[in-house]
Amino acid sequence: MPLLTNIGCLAACRMEGGQSEIHALPAAALVWEGDRIVWLGREAQLPAALATMERWDGEGRLVVPGLIDCHTHLAFGGWRADEHEARLRGQSYLEIARAGGGIARTVRQTRSQSEAELVERASLFLQRCARLGVTTMECKSGYGLCLDQELKLLRVYQSLDRAQPLQLVPTFLGAHVVAPEFAQDRAGYVSLLCQELIPEVARRGLARFCDVFLEEGAFDLEEARSILQTGQEHGLPAKLHADQLSDGGGARLASELGAISADHLEHASEQGMTAMAEAGVVAVSLPLATLYLGQTPMPARRWIERGVPVAVATDFNPGSAPSCHLQLAMLLACLMQRMTPAEVLKGVTAYAARALGLEGEVGSLEPGKRADFVIIDAPDVNHWLLHFRENRVLKTVVGGVEYPLFHVSPP
Ligand SMILES: [Zn+2]
């Protein structure tokens, strides 16, 4: 039964108490057995029966729950570096998309990759994320846009989930944009999604959620409603890319449908905020995408004041957020959205777990939860998110085992 002592500050990040309450405990200790937490508290109060042989030294550092990146597009082909330059020269995201770039281009590049190639590439990203303290990651499909290609992407996530220790949570995003084969037949693509893809993905158990990109150039409100309702009928709770580039009524739709989260929200209306507060939908902020697209940030303070839980994630993808550095996204949430370091930490732990329906399992340090935790080279969360360094993580522990001491079987 391992025991971590000499913890300078342990932030338990339980769900209760609001966005800024991270339940920080000085001079703490943590005990786990197998992959489960057994005890935590002040080291001086450690029960004698738990003082065991295998002692780990926290060296006075900060210990937090394993970080959760609750919005990524992990598996894809290529990068869109020239579009980055085009945007810097003044072209907009929508102009690039209309000219055949953006998501449609990544779809072409992803379709041409084999399953094994996608697994190999994504596993390198995952190794990087694990070293950055991430222990659970949501991963979306959406660069296939036909049955075989969407199943291929979801199988990539299934293989990766089995082959390495991080927990992956797959989301079906066949409604990312209309597939190129259906450019002249939007209704045909929506019915393909609802009648074939969603039922087949659900039947195979390859996804836990159904997501839609509700935006000009992607799907409109009525299309999004019918796709998400079909997902719900097949046991896939709703997520939504909402109000990113314009107010498309996404926050209100997420509330109406009882979505588990609505993500982006830079342009959400006041009514949308109120509706999400009443419905208990998690707002997922994606500040890397905001920064890369040169947008006005999602007004996190107003969401928090209304009592909406705000999670923070990377939106890792090859175009608008080409970085899987969750610690950087956390710092940006402080600097661009005026969230305090404690609020951001709650947003990548307890509230990110809630955005994935995993709050009973991960996202906080409590007896009975998975022993996923990270030792940070800082005395507390304010110091952590003051200086930006490439990586402040000293140790990532997943299911009670230090990464990368795992035997990682080849995918
Ligand atoms: Zn996204």
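Index from 1, following the sequence. For ligands, and for the atoms within them, numbers begin at 1 and follow the listed sequence. Just so it is clear, the structure is predicted and the values come from calculations on it, not from any experiment.
Note on H241: counted as a metal contact of the Zn ion (ligand 1), an N/O/S atom lying under 2.8 Å.
A donor and an acceptor atom, one from each side chain of E343 and S20, are nowhere located under 3.5 Å apart. The closest side-chain donor-acceptor pair between E402 and T396, if any, does not fall under 3.5 angstrom. Using a 3.5 Å distance cut-off with no hydrogens or angles, the side chains of R80 and T106 do pair a donor with an acceptor.
With the Zn ion (ligand 1) at the apex, H73 NE2 and D315 OD1 define an angle of roughly 90° (rounded to 10 degrees).
Aromatic ring centroids of Y93 and Y292 lie 6.0 Å or more apart.
Of all N, O or S atoms in H71, the one lying closest to the Zn ion (ligand 1) is NE2.
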